[in-house]
Amino acid sequence: PRYSRTMPIRTVAALLALLLAPEAGGRAALAQTRPFTVVDGSAIPAPLAEAPGDARRGAAIAIDRAKGNCLACHGLPVPEPLQGNIGPDLVGVASRLTEGELRLRVVDPKIVNAETAMPAYYRVDGLFRVRQDMVGRPILAAQEIEDVVAYLRTLK
């Protein structure tokens with residue numbers, strides 16, 4: 001008997017998408033994110049977007065279960081039911097972390113803690129089990145990251 005190994009159709013589709021991208025190897029996907037510099041492995045001091053973050057928009061993103069979904073794992077000072085307790089409570093987070101430290105934790109928390117379950121909201125490469133429609137796209141855009149950081153800065 002012949003041994004035959006087949007790939008799931010989703011895997012084939014993902015590989016084709018990468019190969020057919022304008023720049024093979026996924027580099028086209030990276031164009032959707034802006035470069036940033038991590039300082040001392042603990043902070044991204046420079047904003048990712050040109051416009052300053054808006055704390056009101058950031059709060060809306062943080063509690064939006066289809067967008068930021070921070071409530072799935074963290075407690076926040078909002079009147080929403082079913083707040084998570086897997087991650088640290090975010091009440092007082094601005095007293096514990098600088099703006100740059102907050103930004104890094106939203107952009108890619110694995111840089112600070114490789115074992116964290118928190119998703120990288122701005123990284124697009126080296127990820128596993130990504131929804132097909134999100135391959136090559138960050139969860140949050142640069143401006144949305146800045147908005148969330150602005151909101152977190154209000155939590156003193």
Side-chain angles (χ1 to χ4, degrees), residues 8-15 17-18 26 28-156:
I9 190 78
R10 284 180 285 184
T11 304
V12 172
L15 289 171
L18 281 174
L30 294 176
Q32 291 190 22
T33 59
R34 295 179 181 190
F36 57 86
T37 302
V38 177
V39 176
D40 296 329
S42 65
I44 301 173
L48 301 176
E50 312 231 343
D54 180 286
R56 210 143 139 226
R57 284 192 313 249
I61 292 167
I63 65 171
D64 184 340
R65 303 250 185 216
K67 193 70 172 166
N69 199 19
C70 300
L71 292 173
C73 298
H74 302 279
L76 285 168
V78 295
E80 288 285 325
L82 304 174
Q83 295 191 29
N85 61 5
I86 294 169
D89 195 310
L90 296 179
V91 175
V93 72
S95 299
R96 299 187 301 269
L97 300 173
T98 67
E99 180 178 334
E101 290 169 331
L102 289 168
R103 187 175 292 108
L104 176 58
R105 281 159 176 78
V106 177
V107 165
D108 188 356
K110 292 207 183 285
I111 292 173
V112 176
N113 176 3
E115 301 301 316
T116 186
M118 184 171 162
Y121 282 87
Y122 199 64
R123 193 173 88 204
V124 296
D125 60 331
L127 303 173
F128 301 95
R129 299 183 70 180
V130 177
R131 264 186 10 211
Q132 189 60 39
D133 64 321
M134 292 299 292
V135 171
R137 294 176 42 208
I139 296 170
L140 298 177
Q143 187 60 57
E144 292 172 318
I145 296 285
E146 293 308 314
D147 294 342
V148 170
V149 170
Y151 168 62
L152 294 174
R153 293 289 297 144
T154 70
L155 303 180
K156 296 194 182 217

(message) Given 3.5 Å as the limit, does a donor-acceptor pair link the side chain of D89 with the main chain of V91, or not?
(response) yes
(message) Determine whether H74 and M118 satisfy the following criterion, side-chain contact (heavy atoms from CB on, under 4.5 Å), listing intermediate values before the conclusion.
(response) CA-CA 10 Å; H74 302 279; M118 184 171 162; 4.2 Å; yes
(request) Enter the distance from Y151:OH to L102:CG here, rounded to the nearest 0.5 Å. (result) 12.0 Å
(message) Any side-chain to backbone donor/acceptor pair from R153 onto V149? Under 3.5 Å, distance only.
(response) no
(message) Show, in sequence, the C-alpha distance, side-chain angles and deciding distance for T116 and K110, and conclude whether the side-chain contact (heavy atoms from CB on, under 4.5 Å) test is met.
(response) CA-CA 6 Å; T116 186; K110 292 207 183 285; 3.9 Å; yes
(request) Taking all non-hydrogen atoms of both residues into account, name the closest pair between V124 and R137 and its distance. (result) CG1-C, 3.4 Å
(message) I need the L127 CG to I139 CD1 distance, nearest 0.5 Å.
(response) 8.0 Å
(request) Measure the CD-CG distance between E146 and L48 for me, rounded to the nearest 0.5 Å. (result) 5.0 Å
(message) When you measure from the side chain of E101 to the backbone of S42, do you find a donor-acceptor pair of N or O atoms at a distance under 3.5 Å?
(response) no
(message) Run the salt bridge (Lys or Arg N to Asp or Glu O under 4.0 Å) test on R103 and E99 for me, step by step, so that the C-alpha distance in whole Å, both residues' side-chain angles and the decisive distance to 0.1 Å come before the verdict.
(response) CA-CA 6 Å; R103 187 175 292 108; E99 180 178 334; 2.7 Å; yes
(message) Enumerate the side chain to side chain donor-acceptor pair (under 3.5 Å) contacts for residues 46-65, please, sequence neighbours excluded, ordered by first and then second residue.
(response) R57-D147
(request) Starting from the C-alpha separation in whole Å, work towards a yes-or-no answer on side-chain contact (heavy atoms from CB on, under 4.5 Å) for L71 and L82. (result) CA-CA 8 Å; L71 292 173; L82 304 174; over 6 Å; no
(request) State whether the side chain of E144 and the backbone N or O of G68 hold a donor-acceptor pair below 3.5 Å, judged by distance alone. (result) no
(request) To the nearest 0.5 Å, tell me how far L104 CG sits from I111 CD1. (result) 5.0 Å
(message) Using only atom types and a distance under 3.5 Å, with no angle test, would you say the side chain of Y122 pairs donor to acceptor with the backbone of R34?
(response) yes
(request) Taking all non-hydrogen atoms of both residues into account, name the closest pair between V130 and V135 and its distance. (result) CG1-N, 3.8 Å
